[in-house]
Amino acid sequence: MSWEDNVRKVIPYTPGEQPKSRKVIKLNTNENPYPPSPLVEKAIKDFDAGLLRKYPDTQATELVNELAKTYGLKSENIFTGIGSDDVLALSFLTFFNSQKPVLFPDITYSFYDVWAELYRIPYETQALDSDFRIVSADYLRDNGGVVIANPNAPTGEELPLTEIEKIVRFNKDRVVIVDEAYVDFGAESALPLIEKYDNLLVVQTFSKSRALAGIRIGCAFGQKKLIGFLKDVKFSFNSYTLNPLTIAVGAAALRDDAYFKEITAKTVATRERMKKELKRLGFSFGDSKTNFVFARHERLSATEIFQYLREKEIYVRHFKQARIDNYLRISVGTEEETDCLIRALEELVSC
Ligand SMILES: *Cc1c(COP(=O)(O)O)cnc(C)c1O
């Protein structure tokens, strides 16, 4: 017997690489290629460091009020956390306490099975179809809860809202979490459904569409009762999560709707151009509604392309996982970064 027998052993999530060199074209973690809103910069400059003497506002009131205004909700419908990873982890802990398995796709955000293992939540994965689409019928059966990333990662595919609603309606006796990390890049949000379904939790993040991955803000929307349970668990764990600077930055980002629309529209336009170029170069992929394209090449292996791009200091993501190990997830960068990517691929494909 050793103390090691009593250790909670986990296999942690592996985040995408953050290179030291600034020269690298980073298309491997779906960060926004544009800076956050100028109002964010101003909020940081104007921030009163004297505030840091005190503990933060546990309700993140300024941020929650701005979210309420932005999405036409009441503050009782809103939960905030340190990135959506924090929000999702707390949601797993709060809502998935059944002996029955929680359901999520076999190919999806690779943190879900990590949290399930960490909290010892039974789970069963449901296979995506051969086009990498979620089969909604797989979620219409007895279970301990459902998590769907929509659009899904790393496939980029959107499940139509009517299908999401079917899943939520069928599972009215357990919680359905819809992770909308990429929804702002052209997919339809399930947010309007929270009024109708008390078992639906919609999770979003400031990391992708609001260009704030570094500040760590995530949020969840649901009916008052659902959000209340989430808050009870959060306040049993760590009350002081969002600090006052983060709260000010998040609120500032929400106040600049014009900038938000501008940078998301740019990313969508670049994505569509990137799709055309990739197709021309022999890649195939689904209809991404996100800020990345999940693609395979007709002739070259993913490993080969990955290594080649890496030598050119262009980083993309390769998942060494069954079914998807011949695919690359390529984030949508700026127009210039996309030009570099395409030029590099042209060279590779032509030799
Ligand atoms: C990026 C991402 C998240 C987590 O983002 P945070 O930076 O923690 O807010 C959650 N779900 C999916 C599907 C993501 O791609």
Side-chain angles (χ1 to χ4, degrees), residues 15-16 26-33 84 88 104-112 125-136 147-161 163-164 177-190 202-205 207-211 213 263-298 302 305-306 309 314-334 337-338 341-342 345:
K26 239 184 123 289
L27 306 177
N28 67 334
T29 51
N30 299 341
E31 286 145 341
N32 201 307
S84 57
L88 287 162
F104 50 85
D106 62 340
I107 297 161
T108 190
Y109 189 38
S110 49
F111 231 135
Y112 300 158
T125 59
Q126 307 295 308
L128 298 184
D129 72 13
S130 55
D131 292 325
F132 287 165
R133 297 218 178 89
I134 290 171
V135 182
S136 60
V147 197
I148 302 276
N150 198 38
N152 195 15
T155 64
E157 295 276 348
E158 178 184 21
L159 184 66
L161 194 56
E163 300 295 300
I164 292 281
I177 299 175
V178 181
D179 176 356
E180 296 190 335
Y182 299 102
V183 77
D184 297 324
F185 299 105
E188 200 175 352
S189 174
V202 175
V203 178
Q204 294 190 359
T205 175
S207 296
K208 281 53 184 247
S209 57
R210 296 189 191 273
I263 61 171
T264 41
K266 275 206 274 193
T267 294
V268 168
T270 309
R271 176 188 73 207
E272 295 309 310
R273 179 170 79 89
M274 185 168 139
K275 282 181 181 170
K276 278 190 200 126
E277 301 276 23
L278 288 175
K279 189 149 282 166
R280 177 173 67 79
L281 295 171
F283 285 89
S284 55
F285 40 82
D287 183 27
S288 167
K289 291 286 177 60
T290 61
N291 65 342
F292 58 85
V293 177
F294 193 58
R296 60 174 293 173
H297 194 262
E298 60 193 12
I305 304 168
F306 178 87
L309 289 175
I314 301 173
Y315 286 22
V316 298
R317 192 88 193 256
H318 182 212
F319 297 92
K320 292 183 186 88
Q321 187 192 332
R323 295 187 76 187
I324 58 169
D325 55 359
N326 206 26
Y327 284 78
L328 294 173
R329 192 194 67 188
I330 312 171
S331 309
V332 179
T334 60
E337 288 170 331
T338 306
L341 168 79
I342 298 303
L345 290 173

Using the ring pair (Phe, Tyr, Trp, His ring centres under 6.0 Å) criterion, which residues pair with Phe132? Sequence neighbours excluded. Tyr327

Nearest 0.5 Å please: distance from the [atom1] atom of [X] over to the [atom2] atom of [Y].
{"X": "Ile324", "Y": "Arg329", "atom1": "CD1", "atom2": "CZ", "result": "9.5 Å"}
{"X": "Asn152", "Y": "Leu159", "atom1": "CG", "atom2": "CG", "result": "9.0 Å"}
{"X": "Ile263", "Y": "Thr334", "atom1": "CD1", "atom2": "OG1", "result": "12.5 Å"}
{"X": "Ser84", "Y": "Ile177", "atom1": "OG", "atom2": "CD1", "result": "11.0 Å"}
{"X": "Leu345", "Y": "Ile314", "atom1": "CG", "atom2": "CD1", "result": "7.0 Å"}
{"X": "Leu128", "Y": "Thr108", "atom1": "CG", "atom2": "OG1", "result": "7.5 Å"}

Tell me, do [X] and [Y] make a side-chain contact under 4.5 Å, heavy atoms counted?
{"X": "Glu337", "Y": "Pro33", "value": "yes"}
{"X": "Lys208", "Y": "Phe185", "value": "yes"}
{"X": "Thr338", "Y": "Glu277", "value": "no"}
{"X": "Leu278", "Y": "Ile342", "value": "yes"}
{"X": "Ser284", "Y": "Arg296", "value": "yes"}

To check you understand the geometry: which heavy-atom pair defines the closest contact between [X] and [Y], and what is its length?
{"X": "Asp179", "Y": "Tyr112", "value": "OD2-OH, 2.7 Å"}
{"X": "Gly282", "Y": "His297", "value": "O-CD2, 3.4 Å"}
{"X": "Glu180", "Y": "Ser189", "value": "OE1-OG, 2.7 Å"}
{"X": "Ala302", "Y": "Asn326", "value": "N-OD1, 2.8 Å"}
{"X": "Asn291", "Y": "Glu31", "value": "ND2-O, 4.0 Å"}
{"X": "Asn32", "Y": "Ser209", "value": "ND2-O, 3.5 Å"}

Given the side-chain rings of Tyr109 and Phe104, with only the six-membered ring counted for Trp, is the space between their centroids under 6.0 Å? no

Over 60° means perpendicular and under 30° means parallel, so tell me whether Phe306 and His318 are parallel, tilted or perpendicular. tilted

Determine, stepwise, if the pair Asn30 / Thr290 fulfils side-chain contact (heavy atoms from CB on, under 4.5 Å). CA-CA 9 Å; Asn30 299 341; Thr290 61; over 6 Å; no

Applying side-chain contact (heavy atoms from CB on, under 4.5 Å) to Val178 and Val183, what does each step give before you reach the verdict? CA-CA 10 Å; Val178 181; Val183 77; over 6 Å; no

Are side-chain N/O atoms of Thr29 and Lys26 paired as donor and acceptor at under 3.5 Å? yes

Would you check, one step at a time, whether the test side-chain contact (heavy atoms from CB on, under 4.5 Å) holds for Phe283 with Val293? CA-CA 10 Å; Phe283 285 89; Val293 177; over 6 Å; no

Does any N or O in the side chain of [X] come within less than 3.5 Å of the main-chain N or O of [Y], such that one atom is a donor and the other an acceptor?
{"X": "Asp131", "Y": "Arg133", "answer": "no"}
{"X": "Arg323", "Y": "Asp106", "answer": "no"}
{"X": "Glu163", "Y": "Pro160", "answer": "no"}
{"X": "Gln126", "Y": "Val135", "answer": "no"}

Could you check Lys275 against Asp287 for side-chain contact (heavy atoms from CB on, under 4.5 Å), going step by step and ending with a plain yes or no? CA-CA 9 Å; Lys275 282 181 181 170; Asp287 183 27; 3.0 Å; yes

